[in-house]
Amino acid sequence: MTPGLSIKRLILLAIIAFLLPAALPVAAGAEPARVTRLQLGLNAGLTRLVVEASEPVSAELSAQANGLGLVLLLPGLRWAAPPAQPNAAGLVAGLGLPVRHDERTEIAIDLIEPAVVERAFRLEPQNGPLGASGHRLVIDLRPADPQAYAEAFAASVILPLPNAVDIAPPPAHAADRRHTIVLDPGHGGQDPGAISASGRHEKDITLAVALAMAQRLQATGRYRVILTRDRDRFVRLNDRVALARKHEADLFLSIHADSLRGDRATSGATVYTRADTATDLEAEALALRENRADQLADSAAERDVDDVVSILLDLASRDTARLSGRFAGLLTASMSDTIALRRNALRAANFRVLSAPDVPSALLELGYLSNPGDEALLFSESGRNRLAAAAVAAIDRFFGIETR
Ligand code: ZN
């Protein structure tokens with residue numbers, strides 16, 4: 001046996017050993033409380049760790065004995081979760097494998113720089129399109145100087161913090177069980193968007209497609225549909241986002257069409273979600289183009305700054321990014337039955353119009369106005385109807401409604 005193989009085998013054994021206890025049957029009637037999920041991510045400049053479990057989560061956070069880092073102790077909880085993905089983000093250099101004891105679990109959190117707990121609170125379980133969530137403990141870390149770090153963890157910190165208020169899920173809207181969909185036809189007014197080879201405007205095709213979608217969605221009786229514009233007028237990106245948040249939209253779909261100067265060959269639809277880092281250069285360039293819309297407005301776009309505080313909690317209470325990704329996948333699949341998709345049709349970039357933290361959002365680029373085939377499809381009524389039908393099918397699937 002080569003050394004390489006034996007190492008591989010050791011890793012395999014370690015993985016099996018790691019997975020095995022979770023797979024063992026539990027004695028009837030004595031279901032132990034367990035950790036079901038661990039998430040790590042960024043939230044408005046803070047590093048956020050979310051522990052999800054079958055029971056309300058309490059934790060202790062203490063400094064690692066050696067090196068820069070913390071140890072998260074979860075008393076009374078058994079580990080039944082996959083490792084966190086990603087296991088490095090923000091201030092966290094990496095998460096250790098959970099150390100299992102009979103009645104508690106420990107996880108090492110390696111830090112890039114000293115950090116302290118900015119806030120820690122619990123979220124009660126709630127139902128969503130992905131099913132019911134568990135009990136969650138949200139821990140937000142912020143950078144600190146070495147002294148503040150040493151003082152903060154001189155003794156272990158009990159979480160949630162004493163002044164934290166547990167957050168209950170919002171009450172269901174009993175009166176109106178319809179899902180609220182905000183459709184966002186890109187551009188408008190003095191902002192024409194992309195312009196086709198024959199001089200036609202993106203703003204006109206996005207509006208026509210959005211109106212076709214709205215009509216179909218409304219006809220089902222299952223949706224409340226709101227348009228960010230229903231005629232040729234200019235709407236700032238921030239106001240589009242604000243409208244979706246104000247109406248507590250369950251889904252936000254921004255509709256666009258692209259154009260590549262001097263390129264008649266590139267064609268097909270692309271579905272985008274929001275990410276700080278673009279999946280590719282083309283997506284990054286597109287986001288820059290689409291984000292420019294507000295520069296046509298008279299005033300600078302700084303109005304959304306004070307929104308940041310009020311949205312912090314929402315970020316944790318809804319798995320917005322996960323839901324956005326799920327919808328984008330469904331939309332791509334549904335579109336592929338109708339029109340040609342670009343290669344790697346599922347992409348991400350930093351689109352301002354997708355920045356509502358509590359509304360699952362996606363941006364659909366219908367195709368390329370610089371491509372004669374796409375232009376003909378988009379400017380035909382039958383083409384628009386097919387696109388609208390595909391979008392409605394994806395929206396139905398997103399909300400768990402099977403129409404076929
Ligand atoms: Zn556009």
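Just so it is clear, the model here is predicted, and its values are computed rather than measured. If you read the sequence from its start, that first residue is 1, and numbering goes on from there. One-based numbering, in listed order, for ligands and for the atoms of each.
- A cation-pi arrangement is present between Arg200 and Phe379 under the rule of less than 6.0 angstrom and at most 45 degrees off the ring axis.
- Protein N/O/S atoms closer to the Zn ion (ligand 1) than 2.8 Å number 5 in this structure.
- At a threshold of 4.0 Å, the pair Arg104-Glu106 counts as salt-bridged, since one of the basic side-chain nitrogens sits closer than that to a carboxylate oxygen.
- Taking the six-membered ring for Trp, His256 and His187 have ring centres closer than 6.0 Å.
- A salt bridge links Asp258 to Arg289: one of the charged nitrogens lies within less than 4.0 Å of a carboxylate oxygen.
- Partners of Phe252 according to the ring-ring contact (aromatic ring centres under 6.0 Å, His included) rule, which considers only residues two or more places apart in sequence or in another chain, do not exist here.
- The aromatic rings of Tyr223 and Phe399 lie tilted to each other, with the angle between the two planes from 30° to 60°.
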